[in-house]
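A short write-up of the structure that comes next.
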Amino acid sequence: MSKEAEMTDPTQLSQHIEALLLASDEPLSMKKLRGLLGEDISSADIRATISELESHYQNRGIRINTVAGGWQFRTAPEHAELIQQLWQVRTPRLSRSALETLAIIAYRQPATRGEIEALRGVKVSSNIIASLQERGWIKVLGRKEVPGRPHLYGTGRQFLIDFELNSLSDLPDSAQLMDEDEIQQIVAENQAELSESQDNAPPHQDDNSEQDPIYDNEQTSLQTETGNPEIIQADIGPAEQAS
Amino acid sequence: MSKEAEMTDPTQLSQHIEALLLASDEPLSMKKLRGLLGEDISSADIRATISELESHYQNRGIRINTVAGGWQFRTAPEHAELIQQLWQVRTPRLSRSALETLAIIAYRQPATRGEIEALRGVKVSSNIIASLQERGWIKVLGRKEVPGRPHLYGTGRQFLIDFELNSLSDLPDSAQLMDEDEIQQIVAENQAELSESQDNAPPHQDDNSEQDPIYDNEQTSLQTETGNPEIIQADIGPAEQAS
Amino acid sequence: MNQATEAAPAREAPLTDTQSVMTEDAQSDSRLPPVRLDSFEGPLDVLLHLIRSQKLEIFDIPIAMITEQYLAILEAEAELDLDLAGDYLVMASTLMQLKSRMLLPRLEVDEEGNEIDPRAELAAQLIAYEQYRMLAEELGERSRLGRDVFTRPIFPEADEVERPLPAPDLDAMLVAFRKVLKRVGGEVRHHIFSDTMSVREQMGVILERLANGGMQLEELLLDQPGREPLVITVLAILELWRQQTVTVVQSEPYGSITLLPASPNNEYAELNT
């Protein structure tokens with residue numbers, strides 16, 4: 001109390017931002033903040049003030065989080081269990097199929113249901129699509145102009161808001177995700193090498209000299225794969241840096 | 001900022017209270033707080049912590065206010081004007097009842113209020129109808145020649161403009177909103193129910209005493225449809241029967 | 001709440017509660033312990049489990065062995081859920097086909113003349129799926145609003161403010177409609193009508209055109225470009241007639257047909273104000 005009183009009061013700007021962030025029912029973007037605070041306050045000032053506020057709140061029960069291109073007051077994650085008690089209903093757990101479907105849509109968008117099914121190797125139930133839609137995590141972006149004109153799904157803004165992402169590029173590991181062509185290339189190269197080493201016939205080996213270092217790294221890692229699926233991903237990182 | 005860093009971190013209790021006050025949908029009373037925080041924390045501790053928090057926030061943009069016998073985070077009163085601006089700028093979301101009403105009108109037009117109520121299972125407030133009309137999203141197309149001659153609502157031009165639709169046929173298939181399996185299941189369930197209580201007309205259905213046979217016919221024809229949006233084919237069946 | 005459970009070892013985390021049959025031991029045991037099919041997310045998941053748990057090479061899958069193990073898992077299932085069975089059985093036949101192709105000399109070659117391993121496609125599929133399986137796990141472990149973090153649920157400051165009209169939101173509307181469909185259950189059959197949307201739209205158009213009084217049928221049909229709109233217009237008129245929203249008058253056989261709105265004009269005009 002006494003210490004607090006000695007402190008310099010938060011600036012007017014800081015107070016305004018705090019009040020706005022609390023009062024808003026969605027994350028407030030820089031653009032919205034500028035519009036509300038008046039044009040004579042620069043983005044730089046706002047940014048600096050927010051970063052002060054962020055550190056002010058960093059050890060408190062509530063935080064200022066960066067979400068969906070804006071800022072919002074949220075509770076600190078370590079109090080989740082306590083807060084859950086406020087409600088009778090417990091948050092239902094997401095099934096693996098829902099998460100896999102969501103992950104494929106998030107990383108591959110726009111994606112059709114057929115594409116999701118092809119990747120997962122199983123039928124995707126409409127219940128899953130519908131419940132993801134109801135949560136606002138996915139939405140129909142349009143239709144794919146192929147026979148049947150299937151819906152194209154992508155993530156909605158609520159996905160960013162709920163998963164604490166500032167933008168889609170904040171999706172973890174999105175840069176490392178391999179597309180089909182890359183995967184096929186890796187498979188082809190690895191299988192070619194395997195069959196060569198099996199036959200003890202090294203005539204094509206010189207071809208490897210022009211191979212992308214990424215694949216060599218991956219090959220090594222994949223061959224020593226220990227059942228941990230993280231390894232594929234984990235190894236691409238360094239390889240990418242190398243390239 | 002540097003002064004902040006020197007300060008001792010807020011206690012665990014203080015963090016818990018902050019988090020709870022932010023996340024609760026009503027002001028939290030001492031009794032509720034004790035229930036949530038566990039019996040081993042005394043009222044005196046809670047009271048002392050809250051009073052610390054109150055002074056911590058007293059010069060900030062947000063406050064801990066005593067409201068209706070409990071505590072709650074609120075914006076500081078001197079920022080009221082700014083907050084008002086936020087709410088005025090910030091377009092609110094459509095209420096669920098408005099969305100449902102609009103959706104039913106869009107998909108079932110021309111539809112009477114009674115039909116909407118029968119579908120929604122609740123009364124449709126005149127305010128909702130009025131505000132949708134005001135918006136130009138719905139309009140009265142005429143009256144239905146049944147007792148009471150209720151208004152027939154349909155979507156207006158502004159609906160297409162605002163929802164970025166070229167025509168009503170751009171609305172996603174309602175069938176695609178649900179799974180075929182889901183529909184079959186529901187239909188099966190309800191047919192079972194219907195056959196049990198065929199003569200028991202639900203009380204709020206007097207308005208649409210004549211459940212349009214066209215829909216029943218459509219059901220037959222559309223269920224044999226294979227998702228092919230061939231409009232004419234789908235329609236000729238029932239209409240021919242109707243004529 | 002779920003923090004504790006969801007923060008559990010990555011391997012377990014994404015399994016739903018009823019499905020947690022695999023244990024850490026199962027992972028390291030090379031003697032394959034029995035597994036239940038419903039703990040998997042499909043045939044690819046089963047194959048990955050077999051491959052990873054036995055530390056097999058994904059680029060050099062011992063097809064004969066894997067096929068045997070895969071079929072054993074399938075056979076252990078007392079009764080296969082028919083819905084699920086399809087995907088699993090397709091994989092079974094794929095595996096058996098691969099097994100037989102592995103016995104034959106390689107006939108297929110790529111553009112560079114290298115032999116194509118018949119297992120290439122499967123390996124690619126497995127790698128692609130494994131990536132998403134892992135990303136799904138990560139997504140599930142991310143702190144999530146409403147489960148791990150919470151924001152303010154009510155906004156008392158907003159109460160006294162006069163707020164503008166809400167913005168259109170097609171998705172929200174569709175979601176709302178879907179909820180209605182689900183809620184009303186049996187009424188749903190009345191709603192599989194979106195294919196008839198054009199007729200409904202046309203019904204609205206006709207009602208509007210008739211707002212100022214009667215119209216000749218030919219007049220209504222005159223400006224319909226093409227066969228399809230024509231048919232739709234006729235269907236719409238028939239439907240309106242059947243609903244008794246319009247009256248159709250023909251004074252003599254083969255004479256001109258007049259459409260009249262069922263409600264008087266002046267009243268209709270009132271309605272729009």
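Below, chain A is the first sequence line, B the second, and so on; all start at residue 1. Hydrogens, waters and symmetry mates are skipped; everything else that's a heavy atom, side chains included, is used.
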Is Glu130(C) paired with Arg52(C) through a side-chain N to carboxylate O contact shorter than 4.0 Å? yes
Any chance CD of Glu121(C) has more than 12 other-residue heavy atoms, nucleotides or ligands included, within less than 6.0 Å? no
Considering only heavy atoms, which portion of Ala118(A) lies under 4.5 Å from any heavy atom of chain C: side chain, backbone, both, or neither? backbone
Backbone N/O of Met65(C) and side chain of Glu68(C): donor-acceptor pair under 3.5 Å: no
Structural part of Phe73(A) lying under 4.5 Å from a heavy atom of chain C: backbone
With a 4.5 angstrom heavy-atom cut-off, could you sort out which part of Glu164(A) is near chain C: side chain, backbone, both or neither? both
Less than 4.0 angstrom from a charged side-chain N to a carboxylate O is my criterion; do Arg147(C) and Asp162(A) meet it? no
Check each atom of Leu22(A) against the heavy atoms of chain C and say whether the ones under 4.5 Å are side chain, backbone, both or neither. both
